[in-house]
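Presented below is the structure to which this report refers.
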Number of protein chains: 2
Amino acid sequence: MTIPRAKSGAQLLDRAVALLDLVADGNSEGETLKSLCERSNLNKPTCHRILNALVEHGLLNRDPEGRRYRLGTKLMVFGAKAANGPGLRSQCQPALERMRRTTGETAMLMARDGDDSVCIDRYDGDCLLQTLTGSIGGSVPLGVGPGSLAMLAFLPEEQCEEIVARNRPRIAAYPALSDERLWQLIEQTRVQGYALDSGELLPGVAGISMPLHVVETGPIASLSLTFLSARLTPELIERYVALLREEIALIEPYLNPLDRRLTSPERVLGQH
Amino acid sequence: MTIPRAKSGAQLLDRAVALLDLVADGNSEGETLKSLCERSNLNKPTCHRILNALVEHGLLNRDPEGRRYRLGTKLMVFGAKAANGPGLRSQCQPALERMRRTTGETAMLMARDGDDSVCIDRYDGDCLLQTLTGSIGGSVPLGVGPGSLAMLAFLPEEQCEEIVARNRPRIAAYPALSDERLWQLIEQTRVQGYALDSGELLPGVAGISMPLHVVETGPIASLSLTFLSARLTPELIERYVALLREEIALIEPYLNPLDRRLTSPERVLGQH
DNA sequence: TTTAATATTCCATATTATGGAATATCGAAG
DNA sequence: CTTCGATATTCCATAATATGGAATATTAAA
């Protein structure tokens, strides 16, 4: 791993965040010092020092048994606060709750995280279904599954291609998703305005998803409904797409607060 | 604010975490550079540099408008993963779900965060109630409300006193909670083994809570049930306390993985 | 347009983090 | 119980990094 450097001179931070990333990406059993050293290309003392500082600050926890490092409680707290503030979760919670209630399906909120898509919130439907991301916090490469496809497809073409290229090896783990099929789905999603998986990835589990757009930034998240593919009919799709569109229309204005410059008196005068 | 130094030499990290804390503590509108400089006792360039490095790494986001700093998307992702893994949330989710289902009340999971108590997860009951912490991510000073009281009361006496002393000014915002009354409640919680608020803090809203203990660390979280105080009867308390006790008995073993040294052959032999 | 307030950049310097080497601890095998 | 290999932790002189005062730029208000 090559640790990405921030423009600001803050190497220690770069390294600390890189280590957090490595721990986050690892399995939930936690990561050993050795493994983190190797994967980060940091030497033992440096790695050890930073990891322990992170532990002292509560960003990491440490399994006293196996001497393994895991994400810490404080991150839970930060995460909860971040998701809550003017963050996505609080904005979308009513929508998820309504969708869950009126359809009885599983409603999910996914957010983009680099080349991945992460489940931020989830309201389980009447029928408990397995999903690609599992529960909250689970992630998939962008492109896999309707929730992530909905974001990927609406990124600028160039970025989209780069991401697909980078994710190719990881997408290969899904045999149903050939390169050709992926581009087909992307194209289809763009044309239709929503992403649909009729049960290709997880047999029997279908999903519909639409992106949440932020101006100048693009799709940052998506809302999805997941249900048994046996129930998939054109009417159902139509109904759920309409529902998603409706809920998104309610949320997007809050994600795109009006740019004051566009409405300030000066600017209005300037338009004369 | 005096920035806490880690034993390991990692001042930059200390400062970065301190800034994250300040942003997390601030309101959800975000914090300005100036305010963060003042509150952290860091000078402008240093503060600016660290904040922007955090932004580059996605731990903070920045409001392009008001130039304010907020908790970033990546923290949401980390938080979700932390809460999910062998973290509290995933351990407690089934319990919350069961409690919510069998009682129809609002079930909450709170975790300790320094002198505060944060809502990590919440399953709303049939009747939507206002709670002290609001939704997920909300926090209250330790001591305010049954969920936080359940943790505070079972901390070592000394720590408990220190926290109460530090939190005094913030607790003053709750007129119903005089110093005397707080200590009464702490004592009562210790004796009963559970914390009870019969509607003192939020008129009409009652709550019962019990702590989750980790050996050597103490109470790190609590499970609570919240309901209309009008429905509060001794029988209801008894039933809910039994339910909480039951669920906690199921969770605690997983939070306290058996210390292998205590069960290893050597040790068994050693006990002869 | 001017002014005050806030944010950003610069850069020589002092302070900090670095990492090789030594040491300690753990766990498995004999 | 002892040995041995592997992993984790500590030490410290040095190199490299972050620091912060001062200068500059940007923004919002007057």
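Being a predicted model, the structure only gives us computed values, none of them experimental. To find a chain, count down the sequence lines: A is the first, B the second, and so on, and within it residues start at 1.
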In whole Å, I'd like the distance from the [atom1] atom of [X] to the [atom2] atom of [N].
| X | N | atom1 | atom2 | result |
| --- | --- | --- | --- | --- |
| B:Arg68 | C:dT6 | CZ | C1' | 12 Å |
| B:Ile50 | C:dA7 | CD1 | P | 16 Å |
| B:Leu54 | D:dA18 | CG | C1' | 14 Å |
| A:Glu31 | D:dT7 | CD | C1' | 15 Å |
| A:Asn52 | D:dA8 | CG | P | 11 Å |
| A:Glu38 | D:dA6 | CD | P | 13 Å |

*For B:Ala95, which residues count as a side-chain contact (heavy atoms from CB on, under 4.5 Å) partner, sequence neighbours excluded?*
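B:Arg98, B:Leu223, B:Glu247, B:Ile251.
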
*Write down the atom of A:Ile171, the atom of A:Leu142, and the distance for their closest heavy-atom approach.*
CD1-O, 3.9 Å

_B:Gln11 side-chain proximity, nearest of C:dT8, D:dT9, C:dA17_ =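 Out of C:dT8, D:dT9, C:dA17, the nucleotide with an atom closest to B:Gln11's side chain is C:dA17.
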
*Side chain of B:Leu12 - closest among D:dT19, C:dT8, D:dT17*: D:dT19

_Measuring to OP1 and OP2 of D:dA8, would you say a side-chain N or O of A:His48 lies under 4.0 angstrom away?_
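For A:His48, the contact criterion (side-chain N or O under 4.0 Å from OP1 or OP2 of D:dA8) is not met.
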
*asked:* Go nucleotide by nucleotide along DNA chain D from the 5' end; which of A:Leu33 and A:Leu13 gets its closest nucleotide reached first?
replied: A:Leu33

*Can you sort out the partners of B:Tyr174 under ring-ring contact (aromatic ring centres under 6.0 Å, His included), two or more places apart, ordered by chain and number?*
none

*asked:* Regarding B:Arg39 and B:Asp25, does a basic nitrogen lie under 4.0 Å from an acidic carboxylate oxygen?
replied: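 No, B:Arg39 and B:Asp25 are not salt-bridged.
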
*asked:* Looking at B:Glu157 and B:Arg190, is there a salt bridge between them, counting it only when a charged N and a carboxylate O are closer than 4.0 Å?
replied: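 Salt bridge between B:Arg190 and B:Glu157, a charged N being under 4.0 Å from a carboxylate O: yes.
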
_Under 3.5 Å, is there a donor on one side chain and an acceptor on the other for A:Arg122 and A:Thr131?_
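Yes, side-chain donor-acceptor contact under 3.5 Å.
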
Between protein and nucleic acid, restricted to nucleotides 19-22 of chain C and to nitrogen or oxygen atoms under 3.5 Å apart, what atom pairs and distances do you find?
{"from": "C:dG19", "atom 1": "OP2", "to": "A:Asn43", "atom 2": "ND2", "distance (Å)": "3.4"}
{"from": "C:dG19", "atom 1": "OP2", "to": "A:Thr46", "atom 2": "OG1", "distance (Å)": "3.1"}
{"from": "C:dG19", "atom 1": "O5'", "to": "A:Asn43", "atom 2": "ND2", "distance (Å)": "2.8"}
{"from": "C:dG19", "atom 1": "N7", "to": "A:Arg49", "atom 2": "NH2", "distance (Å)": "3.3"}

